[in-house]
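Inspection log for the structure reproduced underneath, given as structure tokens.
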Amino acid sequence: QVQLVESGGGSVQAGGSLRLSCVASRFSTYGFEHWCLGWFRQAPGKEREGVATLDTDGSLSYADSVKGRFAISKDNAKDTVYLQMNSLKPEDTAVYYCAAVLSRAVARCDVDVGMHDWGKGALVIVSS
């Protein structure tokens, strides 16, 4: 189990950029480097969807809708995972959630994986 706290949400005009951060803490057993990390989002009236994931071996997964615009990365020294969002569109407006699951507990770390721990979310609003 791990605690996740997001920051960096806000309002931006279409075409702009934002970077979300998520600090992990209170690891029950395994440290930050053992976790499959991801960003998910939920837009008003829609189901939550996977945006990007990053596995312990560095492998990445992105939703088709954000490929080429968003980038997930992490800093193991800071127990922090980031989501750099460029060329933002109004349809990117959503609450963005940081999530994690032990990499060894899942067959694949990708945007369809079932996560175990979740942050409370950060609101991103993109205006046209």
Side-chain angles (χ1 to χ4, degrees):
Q1 189 172 357
V2 60
Q3 179 173 292
L4 303 167
V5 179
E6 303 95 337
S7 62
S11 297
V12 65
Q13 288 192 326
S17 299
L18 280 175
R19 188 177 79 157
L20 302 179
S21 300
C22 173
V23 178
S25 62
R26 299 186 181 178
F27 302 98
S28 59
T29 303
Y30 297 98
F32 185 71
E33 64 275 15
H34 294 279
W35 295 79
C36 161
L37 303 165
W39 289 95
F40 292 70
R41 68 185 180 185
Q42 187 165 20
K46 295 187 177 181
E47 293 187 355
R48 188 167 57 193
E49 63 174 351
V51 175
T53 59
L54 173 57
D55 205 355
T56 55
D57 62 358
S59 58
L60 306 171
S61 173
Y62 292 98
D64 289 342
S65 59
V66 306
K67 283 180 180 177
R69 300 189 298 122
F70 290 12
I72 187 172
S73 62
K74 66 176 180 177
D75 185 336
N76 285 337
K78 297 182 178 180
D79 292 344
T80 301
V81 58
Y82 304 97
L83 184 68
Q84 178 66 43
M85 304 183 291
N86 299 326
S87 302
L88 283 160
K89 304 175 181 180
E91 51 263 45
D92 294 319
T93 294
V95 177
Y96 283 72
Y97 297 91
C98 177
V101 64
L102 274 174
S103 183
R104 65 185 65 191
V106 295
R108 293 181 60 185
C109 177
D110 61 26
V111 292
D112 296 315
V113 72
M115 292 295 188
H116 184 269
D117 296 286
W118 296 84
K120 295 185 182 300
L123 178 62
V124 172
I125 299 173
V126 184
S127 58
S128 57

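Predicted model only: the values in this text are computed from it and were never measured. Note: hydrogens, waters and symmetry copies are ignored here, and every other heavy atom, side chains too, is used.
- Hydrophobic clustering (side-chain heavy atoms under 4.5 Å, transitive across Ile, Leu, Val, Met, Phe, Trp, Tyr) groups V81 together with L18.
- Closest heavy-atom contact between S128 and A14: CA-CB, 4.3 Å.
- Using a distance-only test at 3.5 Å, with no hydrogens or angles considered, no donor-acceptor pair links the side chain of E33 to the main chain of T56.
- Neither V111 nor V101 shares a network with the other; the hydrophobic side chains, linked directly or stepwise wherever heavy atoms of I, L, V, M, F, W or Y lie under 4.5 Å apart, form separate groups for each.
- In this structure, D92 does not pair ionically with K89, as no charged nitrogen and carboxylate oxygen lie closer than 4.0 Å.
- R41 and Y96 share a side-chain donor-acceptor pair at under 3.5 Å.
- The side-chain heavy atoms of E49 and Q42, taken from C-beta on, include no pair separated by under 4.5 Å.
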Would you sort out whether R48 and Y97 count as a side-chain contact (heavy atoms from CB on, under 4.5 Å), showing the intermediate values? CA-CA 9 Å; R48 188 167 57 193; Y97 297 91; 4.2 Å; yes
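- Annotation for A52 and L83: closest pair CB-CD1, 4.1 Å, computed over non-hydrogen atoms.
- When only modelled atom types and interatomic distance are considered, Q3 and R26 share a side-chain donor-acceptor pair under 3.5 Å.
- Using a 4.5 Å cut-off between side-chain heavy atoms of Ile, Leu, Val, Met, Phe, Trp and Tyr, with links allowed through other members, V113 and F32 fall into different hydrophobic clusters.
- A distance of 10.5 Å separates SG in C22 from CG in D79, rounded to the nearest 0.5 Å.
- Residues meeting the side chain to side chain contact (heavy atoms under 4.5 Å, CB included) test with V23, sequence neighbours left out: T80.
- Clustering ILVMFWY residues whenever any of their side-chain heavy atoms sit less than 4.5 angstrom apart, transitively, puts M85 in the very cluster that holds V12.
- Without hydrogens or angle criteria, D75 side chain to A77 main chain gives a donor-acceptor distance under 3.5 Å.
- Here the straight-line distance linking atom CG of L123 with atom OG of S11 works out to 7.0 Å at 0.5 Å rounding.
- Between V106 and R108, every side-chain heavy-atom pair lies at or beyond the 4.5 Å cut-off.
- Both I72 and L20 are assigned to one and the same hydrophobic cluster, defined by single-linkage of ILVMFWY side chains at heavy-atom distances under 4.5 Å.
- W35 and F27 have tilted rings, their planes meeting at an angle from 30° to 60° on a 0 to 90° scale.
- The shortest heavy-atom contact between S61 and C109 is CB-O, 4.3 Å.
- To the nearest 0.5 angstrom, K46 atom NZ is 8.0 Å from E91 atom CD.
- Remark: the backbone N or O of G121 is paired with a side-chain donor or acceptor of E6 at under 3.5 angstrom.
- Between L4 and A100 the shortest heavy-atom distance is CD1-N, 3.8 Å.
- With side-chain heavy atoms closer than 4.5 Å counting as contact, directly or through intermediates, V5 stands alone and belongs to no larger hydrophobic cluster.
- Applying the 6.0 Å contact sphere to NE2 of H116 captures no more than 12 heavy atoms from other residues, nucleotides or ligands.
- Side chain of T93 to backbone of V126: a donor-acceptor contact under 3.5 angstrom is found.
- Side-chain contact between F70 and L88: present, with at least one pair of heavy atoms (C-beta onward) separated by less than 4.5 Å.
- For K74 against L54, the heavy-atom pair with the smallest separation is CG-CD2, 3.5 Å.
- Ring centers of F40 and W118: under 6.0 Å apart, within the cut-off.
- Considering every non-hydrogen atom in both T53 and M115, the closest pair reads CG2-CE, 4.2 Å.
- Judged purely by distance below 3.5 Å, without hydrogens or angles, the side chains of N86 and S17 pair a donor atom with an acceptor atom.
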